[in-house]
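Given the structure is predicted, the values throughout are model-derived calculations rather than measurements. To find a chain, count down the sequence lines: A is the first, B the second, and so on, and within it residues start at 1.
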Amino acid sequence: MSKPSLPQGTRDFSATVVRKRNYIFQTIRNVFENYGFQPLETPAMENLETLMGKYGDEGDKLIFKILNNGLDNPAKQEQSKLAFEKILDGKNTKDLTERALRYDLTIPFARYVAMNHGQLNMPFKRYQIQPVWRADRPQKGRYREFYQCDADVVGSYSLLNEVELANIYATVFKQLGVDTVIKINSRKILAALAEFCGGANKMVDITVAIDKLDKVGLDKVKEELSLRGLNANQIQTIETYLSIEGSNTEKLAQLKQLLAGNETAIAGIAEIEYLLNYHANSFVGQQLQADFTLARGLNYYTGLIFEVKANQVQMGSIGGGGRYDDLTGSFGVPNVPGVGISFGVDRIYDVMEELALFPAEVQTGTKVLFFNLGEAESKAAFGLMQQLREQNIACELFHENAKFEKQFKYADKKQIPYAVIIGSKELLENTLVVKNLVTGEQTPLANNELLSFNF
RNA sequence: GAGGGCGUAGCUCAGUAGGUUAGAGCGACAGUUUGUGGCACUGUAGGCCGUGGGUUCGAGACCCAUCGUUCUCCCCA
């Protein structure tokens with residue numbers, strides 16, 4: 001028997017970690033609910049065809065596929081072999097795999113909307129907090145199983161949705177105490193830039209290249225643009241575009257000048273201005289930052305896009321989202337617009353851990369340990385303990401009669417703040433001693449006074 | 001998909017230019033006279049040195065392979 005181990009990129013979460021994670025989940029969930037979003041859960045696995053082709057070529061490779069059962073069935077062996085040959089040739093076949101683990105929460109949601117759009121009360125606002133799986137190489141802040149917390153609105157073109165979603169971002173991170181910047185851009189502006197430089201079909205090439213600006217620097221970006229077939233003139237325009245700097249208003253002014261007269265650009269700029277003006281006088285506005293280099297990988301975005309970064313920590317984005325005008329189109333239901341955001345809990349956790357932002361109260365487990373000092377003594381203790389439990393005070397009775405030292409140590413390890421001691425003397429007198437294990441202070445009480453003790 | 005680092009006790013790691021029975025700290029367990037802890041002291045247990053091959057009189061150390069893990073690039077949360 002070899003040592004047990006965990007699949008790459010997955011983790012066990014022990015008590016302290018779970019409590020901290022739940023604190024994040026709870027915060028996000030409460031804010032979602034507070035903004036009128038309703039919960040949804042979907043299966044861990046989807047039909048492979050639901051997912052394939054939705055995340056681009058790179059994304060398709062990272063989808064965890066589930067091997068069909070019964071491939072070794074003698075009657076089907078020939079079929080299985082043929083199917084395997086097809087896979088080796090890079091072709092898809094249902095004969096080997098027809099299900100896959102969900103890669104994100106947005107596409108399963110889109111599938112859900114497409115299946116139920118007749119029944120849904122539009123605009124439909126749902127939130128979803130579930131794990132997703134990606135066959136990626138794990139590294140810092142990157143796992144093969146991780147949670148996403150999504151909130152999406154479908155069935156509405158109103159920019160008021162974007163306004164609310166920005167508010168949700170700012171509120172959650174304020175409550176968690178994480179100092180963040182919410183970067184915003186519009187896909188329309190990127191599209192307009194492409195129209196200016198080489199045509200709409202160059203949009204992907206351009207966005208992929210400029211998205212790397214802060215990582216590789218201007219020269220490398222220009223190099224890549226050149227490789228992707230842009231001429232010197234076009235690259236010059238993009239350089240000007242990338243050199244836009246200053247406050248949000250200053251940036252927008254420069255952009256207007258650069259892309260003057262382009263209708264797509266005007267529309268995109270209007271979106272950003274709408275969002276900024278709406279939040280001009282709130283705490284949300286202080287975090288919003290127009291960033292025209294922001295591109296976002298997923299190509300279904302069409303309007304405003306968001307990305308959240310933590311200010312004091314070196315870490316990839318801890319949230320992202322944007323508007324997509326035709327998400328369910330690929331499921332045969334056209335013209336359902338939507339906009340959504342996502343929180344990356346695992347990265348938020350890492351950021352908060354690094355900055356020591358978790359409040360101490362998160363770690364409250366057992367409140368009172370009842371000492372076990374003998375058969376009759378522990379029986380009395382048990383009865384009293386049940387009374388406390390009914391008051392929702394978490395208690396434990398030590399599992400066996402043991403030396404004081406041992407019982408104290410157990411309490412220490414579990415950081416239990418109180419002990420209740422009932423020995424032979426107390427048993428006779430129907431009394432007990434409450435000991436504060438932090439201060440060492442002891443309070444003798446009659447049994448019937450225990451319930452009114454302020455733990 | 002490409003490229004680095006690291007695998008020695010439950011945990012964190014030492015292990016010098018290859019040389020006897022592989023070490024420390026923490027943790028665990030037991031005790032320091034019988035019912036008040038966190039400290040201290042003493043003792044005990046616990047290692048196919050990731051796995052398989054090779055070089056050598058001799059390998060935890062060197063070489064190759066393999067598995068695991070971690071980090072970077074690509075891409076992403």
Quiz prompt | ring pair (Phe, Tyr, Trp, His ring centres under 6.0 Å) pairs, two or more places apart, involving residues 127-149 of chain A | solution = A:F25-A:Y147, A:F32-A:Y127
Practice problem: Fit a plane to each ring of A:Y55 and A:Y103, take the angle between them on a 0 to 90° scale, and name the class: parallel (under 30°), tilted (30 to 60°) or perpendicular (over 60°). | Solution: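 If you compare the ring of A:Y55 with that of A:Y103, the planes turn out tilted.
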Exercise. Name the orientation class of the two ring planes belonging to A:F455 and A:Y418 (parallel below 30°, tilted from 30 to 60°, perpendicular beyond 60°).
Key: perpendicular
Return the value, rounded to whole Å, for the distance between atom [atom1] of [X] and atom [atom2] of [N].
| X | N | atom1 | atom2 | result |
| --- | --- | --- | --- | --- |
| A:R144 | B:rU70 | CZ | C1' | 13 Å |
| A:L62 | B:rA77 | CG | C1' | 13 Å |
| A:K140 | B:rC75 | NZ | C1' | 18 Å |
| A:D136 | B:rC74 | CG | C1' | 9 Å |

Quiz item: For the rings on A:Y410 and A:F408, is their centre-to-centre separation under 6.0 Å?
Solution: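 No; A:F408 has its ring centre 6.0 Å or more from that of A:Y410.
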Quiz item: Are A:F173 and A:F343 an aromatic pair by the rule of ring centers under 6.0 Å?
Solution: yes
Using a 4.0 Å heavy-atom cut-off across all strands, classify [X] as base, sugar-phosphate, or nothing.
| X | value |
| --- | --- |
| A:L6 | sugar-phosphate |
| A:Y143 | base |
| A:S342 | nothing |
| A:G141 | base |

Exercise. Given side chain to side chain donor-acceptor pair (under 3.5 Å), test A:N68 with A:T97 step by step and report yes or no.
Key: CA-CA 5 Å; A:N68 287 354; A:T97 165; 4.9 Å; no
Self-check item: Any N/O donor-acceptor pair, A:R142 side-chain to B:rC75 base, under 3.5 Å
Solution: yes
Practice problem: State whether the distance check finds a donor on one side and an acceptor on the other, under 3.5 Å, for side chain A:R347 versus base B:rC76. | Solution: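 Yes, the side chain and the base share a sub-3.5 Å donor-acceptor pair.
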Which whole number of Å gives the distance between the [atom1] atom of [N] and that of [M]?
| N | M | atom1 | result |
| --- | --- | --- | --- |
| B:rG27 | B:rC13 | C1' | 14 Å |
| B:rG60 | B:rC41 | C1' | 34 Å |
| B:rG43 | B:rG52 | P | 36 Å |
| B:rG15 | B:rC49 | C1' | 10 Å |
| B:rU16 | B:rU8 | P | 15 Å |
| B:rG53 | B:rC48 | C1' | 16 Å |

Quiz prompt | Contact pattern, 5' to 3', of nucleotides 29-38 of chain B - B, S or - by protein heavy atom under 4.0 Å | solution = -SS---BBBB
Quiz item: Among side-chain atoms of A:R126 and A:Q128, is any donor-acceptor pair under 3.5 angstrom?
Solution: yes
Quiz item: If we call it a pair only when both distances are under 3.5 Å in a Watson-Crick or G-U wobble match, what pairs with B:rU66?
Solution: B:rG50
Quiz prompt | For B:rC76, the Watson-Crick or wobble partner whose two distances fall under 3.5 Å | solution = none
